[in-house]
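What follows is one structure encoded as structure tokens, with my remarks underneath.
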Amino acid sequence: MSDSPAILEARDVSRSFGPVEVLHGVEIALRAGEVHALIGENGAGKSTVMKILSGYLEPTTGELLLDGKPVRFSSSEEAEDKGVILIHQEFNLAEQLTVEENIFLGRELKRGIFLDKKRMQTEASRLLSALETRVSPNARVSDISVSDKQMVEIAKALSRNARVLIMDEPTAVLTNREAEVLFRQIERLKASGTAILYTSHKLDEVARIADRVTVFRDGARVAAVKAGEMNEDQMAQAMVGRELSNLFPAKSPMADRKTVLAVRDFDVENIVADASFDLRRGEILGFAGLVGAGRTELMEGLIGVRAARGAVEIDGKKVAISNVKDARRLGLVYLTEDRKGRGLVLTQGMRENLTLLALDRFGRYALDAKAEDAALTKAISEFDVRAPTRDVRVGNLSGGNQQKLLLAKTMLAEPDIVIIDEPTRGIDIGTKQQIYEFIHKLAASGKSVIVISSEMAEIIGLSHRVVVMRSGRITGILQGDDINEDQIVRYAMGLEGRAAA
Amino acid sequence: MKLTALAGALALGVAFATPLYAQDAETAVIGVSIPAATHGWAGGMNFHAQATIAALEERYENLDFVLSTASDPGQQVSDIEDMMATRNIDALVVLPFESEPLTGPVARVKEAGKWVTVVDRGLSQENIEDLYVAGDNPGFGRVAGEFFKQQLPDGGNVLVLRGIPTTIDNERVEAFEAAIEGSGIEIVGMEHGNWNRDDAFEVTQDLLSRNSDVAAIWASDDDMAVGAIEAINQAGREGEMWVLGGAGMKEMIERVRDGDEMVPANVTYPPAMIGTAIELTALNFVGNAPVSGEFIIGSVLITQDNAEQYYYPDSPF
Amino acid sequence: MTSETATIAPARKGFRIDFHVWGPVIALLALIALGAFLNPNFLSYGNVTNVLARSAFIGIIAVGMTFVITSGGLDLSVGSMAAFIAGVMIMVMNALVPSMGVGWGVIFVGMAAALVVGVAAGLVNGLLITQARIEAFIVTLGTMGIFRSLITWLADGGTLSLDFAVREVYRPVYYGGILGVAWPIIVFALVAIIGEVIMRKTPFGRHCAAIGSNEQVARYSAVHVERVRLAAYVLLGVLVGIATIMYVPRLGSASSSTGVLWELEAIAAVIIGGTVLKGGFGRVWGTVVGVLILSLIGNILNLANLVSPYLNGAIQGVIIILAVVLQRQKKTER
């Protein structure tokens, strides 16, 4: 395998932004028919090197070689023309266009001067069915789910006959089943001689599909090995640079069995039906299920951003919540899974974002800028937010730091009940550990926490009890030894507990 | 005034003939297309059009009118096309927004065998219309220029406020300049006030800042005169200069009549010409003598002596 | 960003001029220098007062427009709204003269009427946009036509004039002042200062920016999105009312040609000032600078025969585009 020549290679590549060098003389070679995994913490320089390889950024020093010859991509279009394609983590899809229009955007098939709609439709259907996706080529991208969007991105790349395919955390938003489909496609591409660069925070995935692994830390390459030469623990250690003992803190015993939140026969729009569950003081309640099972919608119904019916009691009192403000007043807050779309204003600074939810704490008629600054200082140290400057735009922070800021923003509202949706999506392992520690402490201090997650390990490692949902209904509530992968999957797939409520 | 009287006489004459005619005649439809009331003069013109139509509809059972007001030339073309297509008009009375764009559409109405009356603004092609009723734009400028010459025999500095850049405005200003030629009167500032009070106010403010010696302002329109007078008052230069507007707005006529030194005179450009045109057109369908040709309504100087007869308290203008 | 030991420093202060911040101010200073160079009367007390006072109407409206645009909205109806409010105000005052006599009483009722109609007009726009969920562009395009027609109808196609005696009493509101500063200038300055404070220092201003950047984020952050957007339109309506209160004593009349194109001037001033048309970022002081730039262009062109008057519009267009280009340059570097 090491015999196959590198299609695309970076040699001694450095990159600076202004006076700050963020990438220090790294090397990476992508070979035909090989899956090359690139791992590292958020901010380790993975995105930068991917952007350099795909023509979005130019290296400050060092060179790129394509088929052994030096090459300079002046734009991503030029790189694409030469068969080097990057699939972004944040999708680059035109939301108002259909799936088919997106797949062929910029290189539409034509007959004469007119679009060859029929051929594009057929081709799009073929690509999508190869990916085992049921999404229609005629669906509008704004209407399809996040995981379908990922599949559309991949279909788009496939339609461009990529020689080098660079994927930035493709599985972050996919369910296990969808990820399996993706891996099969990767196998197929590999067999046809495509070079693939792949990043992921899921080290089990990396161990499974990668032929070669490169580890980055702080903008430098710290390891480059063939598959099998490193196990998952070693990879994690190389990334973090220290030993990661236990990812999850030990579950604390629940001190108090008092119910703080009781939900009965709760319906949300046409998505969730008859949901009933209790949350106790100091409890971490996990919500498991497939993507699309209605977990997020249930929580959005609870905090009043979706129309809902049903009984909700907080501390034994019946409450009516019709918007986020009502929920906040009752001590109930929700951390969205959609950090960029619903959680943070990317074009504004950290201060404005931090205080937005609890703005009334900083003055009803006039805002106290000093108090806001103090709150930011406190949040930065408390949640270990790492930013280049205090007034950086939030859109320029890495995913992990955005998530920490979102946590800080939510905690500023001093809630009693915190709902966290996908707390660690797209976040490196070091930050993950910090966030788990934080959730653990939150519960230990007497707050109650609901965690929605599609990562099984997370649900199992954190939760005192686990609610499993399927198709908008709660199919089971597990506790104690029942909290294991097998049980959760059985309920999530509908093999158990159809009648459970 | 003369013309209104003339029209009245004609209408009266026709009124006697009507009963005979109306019985066997089919109903005739007359389309009237005019610009919307976007400034004072056009407002007066709209008022007279509506008043005339109401009077004629009452008097003649066999006459129907379609009135449409347009806020731009494109809309006016559509209005005329609609009248042809859906109302089956027998005659069109049109005050063109602009000459060029309306010439083709109006020519097509004529080709379809309809009667065409053009008011105020001529079409850019001759001999399309059966009847042309218009004010005298060069005359308007000339009368104003002559008044300036008479008031300032030794010459002096004057300011000129122009309207919206159009043929009408150009004709007026050229005639004004020709009339004051060689009199020693010098135009020291000329800007467009767009026949608008606010624009005229601001332009006059600036022109006054720029020129310390001004004997008179030709505002060329009464709306603009209102703005100019306000600007003069604000600058505290009331005694220095007088203002000549135009078109016979009732408030201005009142000031002329009352001997206001700042407003010594006015020049007519009657918005009532549209009423005259409609009445003359109507005669073709209720009388037996078609009235065709050209009617130019001259611009007349109004001074304190004759102001009373130009004062219409009921008109909005 | 990556270093473990990185501390978070305050933003570095560069020596380069940040055109995004200073662009409009530089353009304004350049215009002032040009004006002073072309005509010695330019900086005279009279001319400065003229320019500032005539800027007041558009300026007061533009301050309100800054909030609407910052929250991601738009209002095309303000020019027609001003004409309509002026018409109603004049009719109310004229109608009250027989019963109340001539005096400040009548004028105060007229002012109150202007504010009430302003609030009502803002509510109509705001409710249609937030409750009926129609695009702001369409709603205000519609009300633009409605208000314009209403004033034409009220004035019978002509001009509504304020009772002469009332006008004499009311006149000082435009032409008078204290310590040589005309009232419109004082009111404009107050509105601008209060607007700047509201935008920067209050939850309302912060909420407007948040909604303009990302409505979803605002909604999930316990911001009453509909209520804030509605409030922005009502605020604008009130400010149009205040602008009208300053406008009516100037010429004492209202007609269908009152306030034509004010909406575009106000929007242009807001954008020249650095507020983002798509929403999410607004600054009131920038809007004030934008308004002054627009007024000065007209003033300078009138004071000096630089070009044919036919080209005045072209010069304005070029300067507007230049002022915005100057600000954008910095952005592409980022």
Side-chain angles (χ1 to χ4, degrees), chain A residues 17-18 20 22 41-45 217-219 241 300 303 305 323-329 333-336 338 340-348 352-353 355-360 362-369 377 380 385-393 396-398 401 409 413, chain C residues 1-14 16 18 20-21 70-72 193-194 196-228 231 275-283 330-331 333-334:
Chain A
F17 292 103
V20 186
V22 298
E41 287 192 273
N42 281 339
R217 187 168 73 230
D218 297 340
E300 288 183 339
I303 57 155
V305 294
N323 55 51
V324 180
K325 200 154 201 160
D326 291 347
R328 210 213 118 191
R329 206 176 301 126
V333 296
Y334 168 73
L335 244 94
T336 171
D338 186 358
K340 296 176 181 191
R342 291 170 180 173
L344 297 169
V345 184
L346 301 181
T347 53
Q348 293 187 342
E352 288 82 352
N353 272 288
T355 58
L356 189 58
L357 177 62
L359 202 55
D360 48 4
F362 298 91
R364 193 171 160 71
Y365 300 107
L367 295 175
D368 183 346
T377 307
I380 286 172
V385 181
R386 298 180 199 170
T389 67
R390 272 179 83 97
D391 52 7
V392 63
R393 284 192 191 188
N396 296 337
L397 290 179
S398 70
N401 284 313
K409 166 184 167 179
Chain C
M1 194 191 292
T2 51
S3 155
E4 296 270 337
T5 54
T7 50
I8 299 175
R12 269 168 293 127
K13 296 264 190 297
R16 286 179 45 200
D18 184 352
H20 182 56
V21 176
T70 301
S71 67
I193 291 167
I194 294 170
E196 176 74 16
V197 170
I198 290 177
M199 182 64 90
R200 289 208 172 200
K201 302 274 181 190
T202 68
F204 175 69
R206 187 71 64 80
H207 286 168
C208 281
I211 293 170
S213 330
N214 190 330
E215 199 182 313
Q216 288 289 351
V217 173
R219 203 181 296 280
Y220 277 77
S221 301
V223 175
H224 284 298
V225 173
E226 267 72 38
R227 211 181 288 171
V228 171
T275 297
V276 179
L277 184 55
K278 279 190 282 181
F281 175 78
R283 54 181 184 207
K330 175 82 182 176
K331 272 202 172 159
E333 281 175 31
R334 270 178 196 164

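Numbered from 1 within each chain, the chains take letters A, B, ... in sequence-line order.
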| task | Kindly give the heavy-atom pair with the smallest separation between A:Thr336 and C:Tyr220, and that separation in Å. | result | CB-CD2, 4.4 Å

| task | Keeping the roles fixed (side chain from C:Asn214, backbone from A:Gly341), state whether a donor-acceptor pair exists under 3.5 Å. | result | yes

| note | C:Ala218 meets the side-chain contact (heavy atoms from CB on, under 4.5 Å) criterion, sequence neighbours left out, with C:Ala210, C:Ile211, C:Val223, C:Val225

| What's the shortest heavy-atom distance between A:Tyr365 and C:Thr202, and which atoms? | O-CG2, 2.8 Å

| Residue among A:Lys325, A:Lys409, A:Arg328 satisfying side-chain hydrogen bond (donor to acceptor under 3.5 Å, both in side chains) with C:Ser221 | A:Lys409

| field | Winner by heavy-atom pair count (cut-off under 4.5 Å) against chain C, out of A:Leu344, A:Asp338, A:Thr377, A:Val333 | value | A:Leu344

| request: Determine the minimum heavy-atom distance between C:Pro203 and A:Gly363, stating which atoms define it. | output: CG-O, 3.5 Å

| said: Rounded at 0.5 Å granularity, tell me how far CG in A:Asn323 sits from CZ in C:Arg227. | reply: 7.5 Å

| query | Is the closest side-chain heavy-atom distance between A:Gln348 and C:Phe281 below 4.5 Å? | reply | no

| said: Show the nearest heavy-atom pair for residues A:Thr355 and C:Arg206, with the distance to one decimal. | reply: OG1-NH1, 3.2 Å

| Passes side-chain contact (heavy atoms from CB on, under 4.5 Å), A:Leu356 versus C:His207? Steps please. | CA-CA 8 Å; A:Leu356 189 58; C:His207 286 168; 3.9 Å; yes

| task | Look at C:Ser213, C:Gly280, C:Gly205 and state which one has the largest set of heavy-atom pairs under 4.5 Å with chain A. | result | C:Ser213

| request: Under 4.5 Å heavy-atom distance to chain C, tell me which part of A:Val345 shows up: side chain, backbone, both or neither. | output: both

